[in-house]
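Right, one structure below, let's go through it.
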Amino acid sequence: MRFQGRVAIVTGAGQGIGKEYAARLLREGAQVAIAELSEERGQAGLRDLEPLGDVILVPTDVSDEDSALRCAKTVQDEFGRIDALVNNAALFQDLDKEYHSYEYTQRAFRVNLHGAWLMARAVAPMMVEQHWGLIVNISSVGAYMHPTFDAPFEGVHSWVYNQTKWGIIGLTKYLAGQLGQYNITVNCIAPGVCLSDGALNTLTSERIEELRMMAAMRRTVTPADLAGAVAFFLGDDAAVVTGQVLCVDAGTQMPG
Ligand SMILES: NC(=O)c1ccc[n+]([C@@H]2O[C@H](COP(=O)([O-])OP(=O)(O)OC[C@H]3O[C@@H](n4cnc5c(N)ncnc54)[C@H](O)[C@@H]3O)[C@@H](O)[C@H]2O)c1
């Protein structure tokens with residue numbers, strides 16, 4: 001019960017890996033807010049998570065400034081504090097693989113990258129005031145990949161997705177630098193391919209197999225593997241770890 005007495009927001013936790021992060025935090029005693037755009041997924045996630053502990057659903061669009069601020073205020077009002085934020089929401093399962101427009105590119109950046117920034121900015125004042133806080137951003141193994149398999153400017157979806165996830169790494173370091181003086185740590189995990197509904201919907205089976213073979217351990221990762229890494233960054237063992245990226249990817253990328 002290492003998270004007893006702590007309050008965490010997990011964005012995009014209505015389904016998929018985000019729900020697993022929320023489940024892990026609840027099992028270890030945290031109170032959790034699901035910040036989710038989709039009403040249907042949010043309600044389904046809430047039903048699944050309620051037996052595990054004290055959890056609420058806060059309908060949120062992380063790409064909207066007012067919505068992010070409302071989310072932070074609701075959680076503060078409901079639970080009295082905010083200790084942790086897991087920026088997991090992204091256009092992933094919902095990524096439109098056929099899009100090629102600049103407008104859609106902007107949307108992907110607004111959700112995947114700017115959404116993490118807006119949520120961090122929304123919770124930061126409360127964390128600064130309590131001189132304590134933990135933020136974990138979710139990047140991707142894709143951040144380190146160069147999609148040479150796409151024709152230039154045509155396979156925009158993977159290019160854009162990977163760029164937003166590279167941006168998450170930069171954002172992590174920026175926020176860690178800004179917030180460290182207030183005893184707030186900001187770290188990041190870069191998951192390898194994980195057979196969530198999102199991945200099964202977004203990636204072809206050939207691509208999944210390619211990614212599996214790129215991993216030193218020749219395997220995909222599980223939501224539980226990822227939740228363990230998030231829990232590490234949110235736990236006392238990582239008290240002085242900040243600005244770091246941990247690839248949880250069975251050895252696909254090994255950045256120095
Ligand atoms: N599954 C993988 O192989 C893999 C690999 C690397 C990184 N990731 C990352 O892990 C995270 C979770 O992946 P997943 O497979 O569970 O994806 P997913 O698409 O199933 O889940 C994303 C969740 O975010 C929500 N969401 C989307 N836009 C939102 C918004 N504007 N505001 C609030 N919520 C919003 C969705 O409704 C959904 O519940 C994502 O950030 C993804 O990029 C996944």
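Start at 1 and go down the list; that is how both ligands and their atoms are numbered.
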Decide ring-ring contact (aromatic ring centres under 6.0 Å, His included) for W132 and Y182; before the verdict, give the C-alpha distance in whole Å, the side-chain angles of both, and the deciding distance to 0.1 Å. CA-CA 7 Å; W132 156 255; Y182 305 109; over 10 Å; no
Looking at residues at least two apart in the chain, or sitting in another chain, which of them share a side chain to side chain contact (heavy atoms under 4.5 Å, CB included) with L195?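 Side chain to side chain contact (heavy atoms under 4.5 Å, CB included) check on L195 returns L200, I208, T220.
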Taking only residues two or more places apart in sequence, or in another chain, which ones meet D197 in a side chain to side chain contact (heavy atoms under 4.5 Å, CB included)?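 For D197 the side chain to side chain contact (heavy atoms under 4.5 Å, CB included) partners, ignoring immediate neighbours, are Q93.
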I need the single residue from R70, R110, R121 that forms a salt bridge (charged side-chain N to carboxylate O under 4.0 Å, His left out) with E65. Which is it?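 So the option named by the test is R121.
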Pairs of nitrogen or oxygen atoms, one from ligand 1 and one from the protein, closer than 3.5 Å: please tabulate them with distances.
{"residue": "ligand 1", "atom": "1 (N)", "partner": "C194", "partner atom": "O", "Å": "3.2"}
{"residue": "ligand 1", "atom": "1 (N)", "partner": "S196", "partner atom": "OG", "Å": "3.0"}
{"residue": "ligand 1", "atom": "3 (O)", "partner": "C194", "partner atom": "N", "Å": "2.8"}
{"residue": "ligand 1", "atom": "3 (O)", "partner": "C194", "partner atom": "O", "Å": "3.2"}
{"residue": "ligand 1", "atom": "15 (O)", "partner": "S196", "partner atom": "OG", "Å": "2.6"}
{"residue": "ligand 1", "atom": "16 (O)", "partner": "I17", "partner atom": "N", "Å": "2.9"}
{"residue": "ligand 1", "atom": "19 (O)", "partner": "Q93", "partner atom": "N", "Å": "2.8"}
{"residue": "ligand 1", "atom": "20 (O)", "partner": "Q15", "partner atom": "NE2", "Å": "2.7"}
{"residue": "ligand 1", "atom": "31 (N)", "partner": "D61", "partner atom": "OD1", "Å": "2.9"}
{"residue": "ligand 1", "atom": "32 (N)", "partner": "T60", "partner atom": "O", "Å": "3.4"}
{"residue": "ligand 1", "atom": "32 (N)", "partner": "V62", "partner atom": "N", "Å": "3.0"}
{"residue": "ligand 1", "atom": "34 (N)", "partner": "L37", "partner atom": "N", "Å": "3.3"}
{"residue": "ligand 1", "atom": "37 (O)", "partner": "E36", "partner atom": "OE2", "Å": "2.5"}
{"residue": "ligand 1", "atom": "37 (O)", "partner": "R41", "partner atom": "NH1", "Å": "2.8"}
{"residue": "ligand 1", "atom": "39 (O)", "partner": "E36", "partner atom": "OE1", "Å": "2.8"}
{"residue": "ligand 1", "atom": "39 (O)", "partner": "E36", "partner atom": "OE2", "Å": "3.4"}
{"residue": "ligand 1", "atom": "41 (O)", "partner": "N88", "partner atom": "O", "Å": "2.7"}
{"residue": "ligand 1", "atom": "41 (O)", "partner": "K165", "partner atom": "NZ", "Å": "2.9"}
{"residue": "ligand 1", "atom": "43 (O)", "partner": "Y161", "partner atom": "OH", "Å": "2.5"}
{"residue": "ligand 1", "atom": "43 (O)", "partner": "K165", "partner atom": "NZ", "Å": "3.1"}

Listed pairs under 3.5 Å, donor-acceptor, residues 226-236 side chains, sequence neighbours left out:
{"residue": "D236", "atom": "OD1", "partner": "R6", "partner atom": "NH2", "Å": "2.8"}

Between R24 and E28 (salt bridge meaning N to carboxylate O under 4.0 Å), is one present in this structure?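 Salt bridge present between R24 and E28.
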